[in-house]
Amino acid sequence: MAGYQRWEMTPQQARLLQEELRAGLILAGGPEEDVGLVGGADVSFNRHNNKLYAAVVVLSYPRLEFVEVGTAVMTAAFPYIPGLLAFREGPAFDAAWARLRHRPQVVLFDGHGIAHPRGLGIAAHIGVLYDMPTIGVAKRKLVGRYDPPGPQPGDFTPLEYGGTQIGVALRTKKRAKPVFVSPGHRFGFTEAVDFVLTCCRGYKLPEPTRLAHLEANKLRKQDL
DNA sequence: GCGACAG
DNA sequence: ATCTTGTCGC
């Protein structure tokens, strides 16, 4: 489908498309043995001008040193509706991604993977569209229930929904609320958790997502 | 009708 | 997401 119209639709049509795309998900696998680049994506918003500020950072792996950042600024054309985040931020991600010179083998998203009411959060949605390995790392849960994980970084508990596991509540830092990790595309639960942990450097958020967040905010502030 | 509700 | 500085505590 044409890139400029894969996000153009009504909320009802969007939900139907999610049901379709879900069939293309591959919930197994993990990073290749030779991952040299990892990406992180996030989008900031300015409610006064209704603009979205997307940033996709590329870091070396496993050293996690900054390589480059692709950015994009655009007017929000779709409202924020729980469960349809991809239709709001997807267009901005596409534009920022197109500006990158490098192609990371794995991309972490600020949002959920399959831990979604229809199993297709933004990380899973974009993962299928680009057929690339992705992982969702959200700060809050959208659906499901879980018990608090242990206090040590690396401790985690299952996030369940509809009788099955859809992700994990992962402690990435002491005394910090856990983050919710779920496979996006071409990733299994264990592989996703292990990979996210190798991307953490003492902060609650893994470096890819943490730096993307900083870049997106920087972009928004510069747009003044 | 009442809560829950990624960013 | 954003509105917003300092401050208490580990």
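Chain letters run A, B, ... following the sequence lines, proteins first, then strands; residues in each count from 1.
Taking 4.0 angstrom as the limit, A:Arg175 places none of its side-chain polar atoms (N or O) nearer than this to OP1 or OP2 of C:dC10. OP1 or OP2 of B:dG7 has at least one side-chain nitrogen or oxygen of A:Arg140 nearer than 4.0 Å. In this model, the phosphate group of C:dT2 is approached by a side-chain N or O of A:Asn217 to a distance below 4.0 Å at OP1 or OP2. For B:dG7, the OP1/OP2 oxygens have no side-chain nitrogen or oxygen of A:Ser44 closer than 4.0 Å. Contact check, A:Arg220 against C:dT2: a side-chain N or O comes under 4.0 Å of OP1 or OP2.
The interatomic distance linking A:Arg145 (CZ) with B:dC5 (P) rounds to 13 Å, in whole Å. Look at CG on A:Leu52: it is 11 Å from P on C:dT2, rounded to the nearest Å. One atom, CH2 of A:Trp7, and another, C1' of B:dG7, lie 14 Å apart when rounded to the nearest Å. To the nearest angstrom, C1' of B:dA6 lies 17 Å from CG of A:Leu170. In this structure, the CZ atom of A:Phe45 is 13 Å from the C1' atom of C:dC3, given to the nearest Å. One interatomic measurement links the two molecules: OH of A:Tyr146 to C1' of B:dA4, which rounds to 13 Å at whole-angstrom precision. Between A:Phe180 atom CZ and B:dA4 atom P there is a gap of 14 Å when expressed in whole angstrom units. One atom, OH of A:Tyr161, and another, P of B:dC5, lie 12 Å apart when rounded to the nearest Å.
Among the atoms of the strands shown, only primed sugar atoms or phosphate atoms (P, OP1, OP2) are found under 4.0 Å from some heavy atom of A:Lys141. At the heavy-atom level, A:Gly136 lies nowhere under 4.0 Å from the strands shown. A:Leu120 comes within 4.0 angstrom of no nucleic acid atom, judged by non-hydrogen atoms across all strands. Contact annotation for A:Asp110: backbone-only contact, meaning every heavy-atom pair under 4.0 Å involves sugar-phosphate atoms and none involves a base. Within 4.0 Å (heavy atoms only), A:Ile122 reaches at least one base atom of the nucleic acid. Base contact: A:His116 has a heavy atom under 4.0 Å from a base atom.
Less than 6.0 angstrom separates the ring centroid of A:Phe93 from the ring centroid of A:Tyr130. For an aromatic pair to be called close, the ring centres must be under 6.0 Å apart, and A:Tyr80 with A:Phe45 fails this.
Nearest nucleotide to the side chain of A:Leu142, out of C:dT2, B:dA6, C:dC10: B:dA6. Nearest to the side-chain atoms of A:Arg47 among the listed nucleotides B:dA6, C:dA1, C:dC3 stands C:dC3. The side chain of A:Lys139 has C:dA1 as its nearest neighbour among C:dT2, B:dA6, C:dA1.
Ring geometry for A:Phe195 versus A:Phe187: interplanar angle of 30 to 60°, hence tilted.
Here A:Tyr80 packs flat against the base of B:dG7; its ring centre is closer than 5.5 angstrom to the base's six-membered ring, tilted by less than 30 degrees.
With rounding to the nearest 0.5 angstrom, the OG1 atom of A:Thr134 is 8.0 Å from the CG atom of A:Leu25.
Using a 4.5 Å heavy-atom cutoff, the side chains of A:Asp110 and A:Val43 are not in contact. Taking 4.5 Å as the limit, some side-chain heavy atom of A:Leu108 sits within range of a side-chain heavy atom of A:Pro206.
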